[in-house]
There are 2 protein chains.
Amino acid sequence: MAPDLNALAPGSSLQRNGLNHQAIEDYLKTIYMLEQDKSPVSTSRIADARQVKPGSVTSMIQRLNRLNLVNYEKHYGVTLTDAGREIALEVIRHHRLVELYLIEALGFGWDEVHQEADILEHVISEQLEERIAAALNNPEFDPHGDPIPSKEGQIASMNYKHLTALDPGARAVVSRIPDDADSELLRYLGDLGLIPGTKLMVLDVAPFDGPLTVEIDGESKIIGHKVASSVLVELKSEFGRSR
Amino acid sequence: MAPDLNALAPGSSLQRNGLNHQAIEDYLKTIYMLEQDKSPVSTSRIADARQVKPGSVTSMIQRLNRLNLVNYEKHYGVTLTDAGREIALEVIRHHRLVELYLIEALGFGWDEVHQEADILEHVISEQLEERIAAALNNPEFDPHGDPIPSKEGQIASMNYKHLTALDPGARAVVSRIPDDADSELLRYLGDLGLIPGTKLMVLDVAPFDGPLTVEIDGESKIIGHKVASSVLVELKSEFGRSR
DNA sequence: AAACAGTTTTAGGTATACCTAAAATTTAAC
DNA sequence: GTTAAATTTTAGGTATACCTAAAACTGTTT
Ligand SMILES: [Mn+2]
Ligand SMILES: [Mn+2]
Ligand SMILES: [Mn+2]
Ligand SMILES: [Mn+2]
């Protein structure tokens, strides 16, 4: 069971108005994401990701440490505690369920949902989370190919390759597109057919970060290096996952 | 077009984090509701409704006044300006659309949605508002019988009577149940069939605030005075509205 | 018209979540 | 091993949204 933040700040105004662990939750989510790349997570990486000043990060880190949500080694960075990870995963679950729901149930485009979800993730009650999950048939992946953590905080660990890392002749399935990419790019990828689940074969890779030629649905398409680098794939020989 | 609160607080942290005109919006909504009963609205009535201390209300009133969202006569109370009313009605629209959506699309009970909506009302984007309204076919009434303001801020003015004010023999249609009534009461009313749209006839009214006997669906039911007083109706002879 | 009760405002305080600028610490370079 | 560069922390400040307690104002009663 996720620790109840409301119980942690006795007498604070947060407790009263019900809302507003926005900041704490967003920091924990950010730290979780950054820890995937490299742990412990430094102040400046958090500041970068959250677009705030380093001083602000330090003071939030100190608070999270007091709340036992991160382990904090002054000057060296933080790692999430179990309690912190639990909250992070719950927020991520909310985010990804909401993204999928907005697309499936309300007809949003996959380029429109990230912002909306970044706010809603903090105000979804357990009740609503459950109803949304049920309406979607307890999905395991969000529209961008990211795994949705279970209610119990289990999350599938993915094993992606960058599309740009494949050799000519390789067959692969598109697995993941960063959900925070800008709308323009997401729409472009959508038009190309480069969405999670699409099968492709690499025909050619031009040198010096040049364009890739890939075959999608029998058609061959040319993709710039920058665009291709935002596409993550799984090799087709590897055993896939149910979609 | 509703005034953009984000534009009103230059350099403030509200502007930065995007979220959080919660408090302002809730105050405006409260003032709107209270003005229906009696205008201008005094500090103490707002304090009562919002469950905060009078001093807190005064300082928020002063802020709303600075933002030109209320007209403020020191010691005598406030009325909404056009700009203030616009925001209030938009928040109310969000609230009522969300309540209806949670029931219609996600299977919530009508006793469960008010709390949820009180939070979501502040974080629904224009986009999401539109998609929800479309999914519901641009409804005019929420599940409790309250009219939903239009996108342009038009709201149907209702003309209710308390069920307890009817004489024996009167025929009426249940129009409205307070959406902030406690869940127990709402479930009880639901079981009795006293939900908006239900036709009934008053058979008997016991004196001294005694129970009412009403006929619903051919069955006669006895309802305590307190319960009956929370039910608002329209007389059946009067011309109704489409549901 | 003076006193009183009730209401409202002021004054001063807490906690959040940001900021800037200066001080301290670590890491990298010489 | 100093010095310099980069990172991180501290110190001090802003605005929100609440609080309590004291002061000021209103309306009514005597
Ligand atoms: Mn997202
Ligand atoms: Mn967020
Ligand atoms: Mn409601
Ligand atoms: Mn609210």
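A note on names: the letters A, B, ... follow the listed sequences, proteins ahead of strands, and every chain is numbered from 1.
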Trainee: With sequence neighbours left out, which residue pairs that include part of residues 43-57 of chain B fulfil the salt bridge (Lys or Arg N to Asp or Glu O under 4.0 Å) condition?
Mentor: B:D26-B:R50

Trainee: For B:R187, enumerate each residue passing the salt bridge (charged side-chain N to carboxylate O under 4.0 Å, His left out) test, keeping only those at least two apart in sequence or located in another chain.
Mentor: B:D111

Trainee: So which one's nearest nucleotide on DNA chain D is more toward 5', B:Y27 or A:E73?
Mentor: A:E73

Trainee: Atom CG of A:L67 and atom C1' of C:dT16: how far apart are they, to the nearest Å?
Mentor: 12 Å

Trainee: Applying salt bridge (Lys or Arg N to Asp or Glu O under 4.0 Å) as the test, list every pair that has at least one member in residues 112-128 of chain B; sequence neighbours left out.
Mentor: A:R131-B:E112, B:K29-B:D118, B:K29-B:E121

Trainee: By ring pair (Phe, Tyr, Trp, His ring centres under 6.0 Å), which residues pair with B:H95, not counting sequence neighbours?
Mentor: B:H114

Trainee: Expressed as a whole number of angstroms, how long is the span from A:R50:CZ to D:dT8:P?
Mentor: 17 Å

Trainee: Take the protein atom CD1 of A:I61 and the nucleotide atom P of D:dT9, then report the distance between them rounded to whole Å.
Mentor: 6 Å

Trainee: Within the 4.0 Å limit for protein heavy atoms, which parts of nucleotides 20-25 of chain D are touched? Write it as a string from 5' to 3', B for base, S for sugar-phosphate only, - for none.
Mentor: B----S

Trainee: I want to check one thing: is the phosphate of D:dT8, taken as OP1 and OP2, less than 4.0 Å away from some side-chain N or O of A:Y72?
Mentor: no

Trainee: For B:S39, which residues count as a side-chain hydrogen bond (donor to acceptor under 3.5 Å, both in side chains) partner, sequence neighbours excluded?
Mentor: B:E35

Trainee: Which residues pass the side-chain hydrogen bond (donor to acceptor under 3.5 Å, both in side chains) test with B:D82, sequence neighbours left out?
Mentor: B:R85

Trainee: Between A:S125 and A:Q127, is the side chain to side chain donor-acceptor pair (under 3.5 Å) condition met? List the steps.
Mentor: CA-CA 5 Å; A:S125 69; A:Q127 276 261 328; 5.9 Å; no

Trainee: According to a strict under-4.0 Å criterion, is A:Q62 in side-chain N/O contact with OP1 or OP2 of D:dT10?
Mentor: yes

Trainee: For B:I24 and D:dT16, give me the distance from atom CD1 to atom P, rounded to whole Å.
Mentor: 8 Å

Trainee: Going by the side chain to side chain donor-acceptor pair (under 3.5 Å) test, which pairs reach into residues 69-80 of chain A, not counting sequence neighbours?
Mentor: A:N71-A:T79

Trainee: Considering only heavy atoms, which members of residues 39-49 of chain B lie under 4.0 Å from some atom of DNA chain C?
Mentor: B:S42, B:T43, B:S44

Trainee: In whole angstroms, how far is the C1' atom of C:dC18 from the CD atom of A:Q22?
Mentor: 13 Å

Trainee: Are A:Y76 and D:dT9 close enough that a side-chain N or O sits under 4.0 Å from OP1 or OP2?
Mentor: no

Trainee: The side chain of B:T58 lies closest to which of these nucleotides: D:dC18, C:dT8, D:dT9?
Mentor: C:dT8

Trainee: Using atom CG of B:L64 as one end and atom P of C:dT9 as the other, report the distance to the nearest whole Å.
Mentor: 13 Å

Trainee: Roughly how far, to the nearest 0.5 Å, is the CD1 atom of A:I132 from the CG atom of A:L120?
Mentor: 8.0 Å

Trainee: Give a yes/no answer on whether the side chain of B:K74 brings an N or O atom under 4.0 Å of OP1 or OP2 in C:dT7.
Mentor: no

